[in-house]
Every structure is written in C-alpha cells, then in structure tokens.
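Have a look at the structure below before the remarks.
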There are 2 protein chains.
Amino acid sequence: MSAALTLPDATDTQGATLRISEIFGPTIQGEGALIGEPTVFVRTGGCDYRCTWCDTLHAVDARFRDTWRPMTTAAIWAEVERLSGGVPLTVSLSGGNPAIQPFGALIALGHRHGYRFALETQGSIARDWFAALDTLVLSPKPPSSGMTTDWAALDACVTAAAGGPAIVLKVVVFDDADYAFARAVARRLPALPVCLQPGNPTPPPAEGPDPAVDLGASLAQMRWLVGRVTDDRWFSARVLPQLHVLLWGNLRGV
Amino acid sequence: MSAALTLPDATDTQGATLRISEIFGPTIQGEGALIGEPTVFVRTGGCDYRCTWCDTLHAVDARFRDTWRPMTTAAIWAEVERLSGGVPLTVSLSGGNPAIQPFGALIALGHRHGYRFALETQGSIARDWFAALDTLVLSPKPPSSGMTTDWAALDACVTAAAGGPAIVLKVVVFDDADYAFARAVARRLPALPVCLQPGNPTPPPAEGPDPAVDLGASLAQMRWLVGRVTDDRWFSARVLPQLHVLLWGNLRGV
C-alpha cells in the first residue's frame with residue numbers, strides 16, 4: 001500500500017466543475033449491499049477502464065463526451081435536491097469511474113442536509129474524500145472484462161477510506177475464471193464483505209436501440225452462481241442480481 | 001406492551017421435540033434484509049394464521065400434519081450441520097409460524113459452533129428466546145391476507161428481543177390498502193428498518209402441480225411498488241423482491 005497513490009482533491013471547491021453524464025432517480029439501487037434502497041444516481045462521464053462488457057458505455061467512451069455536461073457542485077446539488085424533493089436519501093456516485101471527479105464538496109454539502117453518499121468504483125484511483133463517504137463499493141474487474149487489477153491502487157482505496165465509510169466488495173462473475181478472481185480478491189481483503197453479481201449477458205450498446213435483455217439467460221446465470229457459491233460453501237459471500245435489469249431491462253434512467 | 005404476552009420456553013431443552021416441515025439448503029435467502037446470503041432453512045409445521053395468499057400452505061394447513069416430523073434439537077442440528085458441511089452460515093427459522101416451537105436450545109447449540117440465526121414470524125407470539133437470535137424479521141400481515149394484527153403481541157415481540165438481535169420489519173404489499181398498512185406499521189415502530197415486498201400473484205397450491213409463476217406479473221407488481229415508494233418519498237423503506245420466486249418459481253427446497 002502506498003499513500004502516494006491517493007490523490008488530493010486540489011480542485012475540490014464549490015466552484016470546481018465535474019463532468020456529469022446523467023443524474024436520475026429516485027429509483028431503487030439495483031445492485032450490491034444497498035440493493036432495494038431508494039437512491040438518486042449521479043453518473044459521471046469518463047473512465048480509465050474499457051471493460052469488454054461495459055453496460056454504461058455512454059458514460060465511458062470519449063465518443064459520447066459531448067453529452068457530458070460540466071456542472072458545478074452547486075448545480076449537481078440543486079438537481080439532487082429537486083429530484084428528491086429535499087427529502088434525504090442515498091446518493092449513488094457512479095460512472096464511468098466517479099473517482100476521477102472532485103466529489104468532496106458535494107458530499108460535505110449533502111451531509112449537512114442529511115443525505116448519504118455511496119461511491120461505486122473499480123478501485124483504480126484513490127481519493128482523500130473517500131473517507132467522507134457513507135459507503136464505498138469497490139468493484140475490481142474480473143478477467144472477462146479484459147482489464148488487469150492494480151492491487152496497489154485497490155489497497156490505496158481501502159487505506160484512503162479507513163475509519164470512514166462501510167467498505168464493501170462487489171465482483172461481477174461471468175465464468176469460472178471470474179469466480180476464481182473473486183475468491184482471490186476476498187482472500188486479499190478478508191475483512192471486507194463480498195457481494196457477487198452475475199454478469200449481464202446482454203449489455204446495452206452505447207447507442208442505437210437497446211437489445212431486449214434475455215431474462216432467462218440472466219436468471220440462469222444467477223442460478224449458476226448461487227450453485228457455485230453453495231457448492232464451495234463460500235457462505236460469507238452474498239449473491240445478488242442486477243435487480244434493475246430484471247425489472248426494466250437495459251432502460252436508462254431507472 | 002405486556003410482558004405477560006411473552007411465553008417462556010418451558011419445554012426448551014435438548015430433549016424437546018419440534019414439529020418440522022422441511023430442512024433444506026444451503027441456498028440464498030430470497031427475501032428481506034438478508035437477501036442473497038447463503039442460508040439453510042428450518043421450516044416448522046403449524047401456524048396460528050391462515051393468510052389468503054399463504055405461499056407455504058404445506059407447512060400451515062393441518063391437512064399436511066402427517067408430513068411434519070417431530071425432531072429433537074439434536075436431530076435438527078445434525079441435519080443443519082450435514083447440509084452446511086459444518087461450515088457456519090445463517091440458519092433461517094421459518095414456517096408456518098416458527099415462534100410456536102421451542103428453538104432456544106438449537107440457537108444456543110448453533111451459536112457455540114459459530115452459526116447465526118434469523119427468525120421469520122408474523123409477530124403474533126413472543127418468546128423469550130427471541131433475545132438470543134441474530135436477526136428477528138417481524139412480518140405483520142396486511143389487509144389482503146385476511147388476518148388482523150394484534151398490535152400488543154407485535155410490541156411484545158419487539159420487547160422480547162430488546163437488546164438482542166437486529167430487528168427488521170418486512171411487509172408484503174399487494175395493493176393500496178396493504179401499502180397504507182405498511183406505512184402505519186412503520187409509523188408505529190419508527191426505530192425499525194422496513195423492507196417492502198411485492199406479493200406473489202401466483203402462490204403455489206398446497207398440493208398438486210405448482211402453477212408456473214407469472215414472472216411478468218411479479219415484476220410488474222415490483223415496479224408498481226417501487227413507484228409508490230419513490231412517489232411518496234418514503235426513502236427509509238427498502239423494496240426487495242422474492243428473489244427465489246424469480247429464480248426458481250414456486251419450486252420447493254431452493
């Protein structure tokens with residue numbers, strides 16, 4: 001672990017602008033430990049990864065850069081307040097990789113109004129404001145993504161958040177190699193709860209009409225993963241679906 | 001609240017017998033706050049309720065009494081250990097109404113081996129061993145069930161568990177009247193987290209071939225409930241499906 005990997009948030013003032021792909025909700029969180037909780041999503045544009053099965057290419061691929069709006073913390077907060085009617089709830093900071101953006105000021109502002117913040121990131125970039133979060137979801141990407149995990153960077157994320165948020169691991173599993181990766185991640189970070197999530201076999205394309213989700217294939221993938229975990233008696237792992245995909249397919253904004 | 005409503009577990013020794021409908025798993029918990037957690041289920045036979053839409057009639061209706069085995073605590077524990085391979089996990093005590101049976105000795109025995117215990121009950125019967133649980137799920141039944149909640153009994157369950165397990169509310173919601181009931185329950189017990197669960201529009205019959213679950217209707221019911229909660233800005237409620245019904249339909253033993 002190296003503290004040098006943790007980036008300070010030098011531009012993190014109320015005047016800084018963040019690159020936002022979309023803000024939507026309230027809907028329920030469809031994934032991971034907070035599944036089922038009413039949530040407003042703030043999705044940033046831009047990512048240091050290019051996963052083969054990325055399901056949010058519109059917030060990742062630079063081709064869509066002109067759809068990402070620069071927004072100040074104040075403007076983002078105004079939209080979160082409008083969508084939630086001023087009633088505190090959990091705000092999920094997602095992406096792309098939201099760790100690229102300076103979120104410290106938004107978290108501080110929202111906390112003053114009773115809102116909670118969860119961040120979803122692959123764990124490739126650590127920021128000092130991780131410690132101010134309520135929940136940090138670290139989702140290192142398995143072999144099927146085509147990405148390679150920088151373990152020092154992942155450790156730096158855990159260190160940056162130490163003493164602050166609940167930290168949980170979420171690993172997407174498409175196949176046996178991904179499952180072995182998930183076990184390795186859990187062995188490496190034994191203190192952290194693990195959620196396993198079956199991959200979406202029919203992710204949306206970045207543009208054009210979304211393919212219908214193959215609900216049968218999604219459910220079969222989930223049943224396979226439950227069997228894998230219970231056969232191995234890996235009882236500390238939770239297995240959860242992408243609930244929003246079951247409910248709404250690949251529809252955006254829900 | 002009346003402590004007199006809390007029944008002592010006079011027969012609760014290792015030699016007592018419990019009426020067991022089925023013991024199965026490990027599979028994942030499909031409902032409520034522990035959704036996705038590997039679990040072995042111990043389902044008791046017998047219930048003081050007769051909900052119109054009961055989805056476990058084989059463990060409720062006295063017609064099936066001859067399928068319920070009297071088992072000692074030691075025999076139940078042996079089966080839980082066999083199914084879990086001796087690896088600690090969460091044991092869900094379910095029914096029927098499992099509060100009818102003397103579970104104190106099983107909980108004490110399992111705890112010595114590192115197992116955790118969750119109880120699912122409508123909250124009509126309070127027992128002193130509730131305080132030894134890890135999780136108490138109180139699931140008062142809404143108007144569509146045809147049952148009437150005894151609020152003093154529900155309060156007695158909370159009192160019996162005080163200082164012990166995490167206590168969570170789970171309310172099944174079929175329609176607007178059920179939803180209003182859920183809100184009333186939450187107002188009455190504001191300190192407890194609430195999970196809302198859409199009703200299964202195609203519950204299994206007690207015997208004969210199970211009807212195929214209408215997956216479309218289940219998902220539509222869930223979308224309706226999410227809309228209801230977010231429209232009302234009831235952001236402290238979680239909305240979670242019956243995941244096992246989505247995955248396996250009405251199949252038993254999963």
Side-chain angles (χ1 to χ4, degrees), chain A residues 24-40 83-91 114-116 193-198 215-216 218-241 243-249 251 254, chain B residues 24-40 83-91 114-116 193-198 215-216 218-241 243-249 251 254:
Chain A
F24 63 93
T27 180
I28 55 166
Q29 171 59 259
E31 299 182 357
L34 304 182
I35 191 168
E37 284 197 11
T39 301
V40 163
L83 290 169
S84 58
V87 179
L89 85 177
T90 295
V91 179
Y115 287 62
R116 296 173 302 282
V194 182
C195 279
L196 304 180
Q197 178 176 298
L215 205 58
S218 285
L219 293 171
Q221 177 82 1
M222 175 85 186
R223 286 191 295 265
W224 168 79
L225 187 51
V226 170
R228 204 76 177 73
V229 166
T230 53
D231 285 353
D232 281 359
R233 296 180 178 139
W234 186 9
F235 297 147
S236 59
R238 279 175 92 177
V239 187
L240 289 170
L243 186 51
H244 55 291
V245 173
L246 299 180
L247 289 170
W248 290 287
L251 195 65
V254 285
Chain B
F24 63 92
T27 181
I28 54 166
Q29 172 58 260
E31 299 183 356
L34 304 182
I35 189 168
E37 283 195 12
T39 301
V40 163
L83 290 169
S84 58
V87 179
L89 85 176
T90 295
V91 179
Y115 287 62
R116 296 172 302 283
V194 183
C195 278
L196 304 179
Q197 177 176 299
L215 205 58
S218 285
L219 294 171
Q221 176 82 2
M222 175 84 187
R223 285 191 295 266
W224 168 79
L225 187 52
V226 170
R228 204 76 177 72
V229 165
T230 53
D231 285 353
D232 281 359
R233 295 179 179 140
W234 187 9
F235 296 149
S236 59
R238 279 175 92 177
V239 186
L240 290 170
L243 186 52
H244 56 291
V245 173
L246 299 180
L247 289 170
W248 291 288
L251 195 65
V254 285

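Keep in mind the model is a prediction, meaning the values are calculated, not measured. Just so you know, these numbers use all the heavy atoms, side chains as well, and skip hydrogens, waters and symmetry mates. Letters go in sequence order (proteins before strands), and every chain restarts at 1.
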Does the pair A:Ile35 and B:Arg238 meet the rule for a side-chain contact (heavy atoms from CB on, under 4.5 Å), with working shown?
CA-CA 8 Å; A:Ile35 191 168; B:Arg238 279 175 92 177; 3.5 Å; yes
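Nearest heavy atom pair, residue B:Gly36 against residue A:Leu240, reads CA-CD2, 3.8 Å. Contact detail for A:Ser84 and B:Phe235: the closest heavy-atom pair is O-CE1, 3.6 Å. Closest non-hydrogen pair, A:Ile28 versus B:Met222, comes out as CD1-CE, 3.7 Å. Among all heavy-atom pairs drawn from B:Val229 and A:Pro38, the shortest one is CG1-CG, 4.2 Å. The two residues A:Leu215 and B:Leu219 come nearest to each other via the heavy atoms CD2-CD1, 3.8 Å.
Heavy atoms of A:Val87 lying under 4.5 Å from chain B belong to its backbone as well as its side chain. Proximity to chain B is limited to the backbone of A:Ala237, based on heavy atoms less than 4.5 angstrom apart.
Ranked by heavy-atom pairs under 4.5 Å with chain B, the list A:Ser236, A:Pro88, A:Pro26, A:Pro241 is led by A:Pro26.
The distance from atom CZ of B:Arg233 to atom CG of A:Leu83, rounded to the nearest 0.5 Å, is 9.0 Å. Of the inter-residue distances, the one linking A:Leu225 atom CG with B:Leu247 atom CG reads 10.5 Å to the nearest 0.5 angstrom.
Under the ring-ring contact (aromatic ring centres under 6.0 Å, His included) criterion, A:Trp248 pairs with no residue at all, not counting sequence neighbours.
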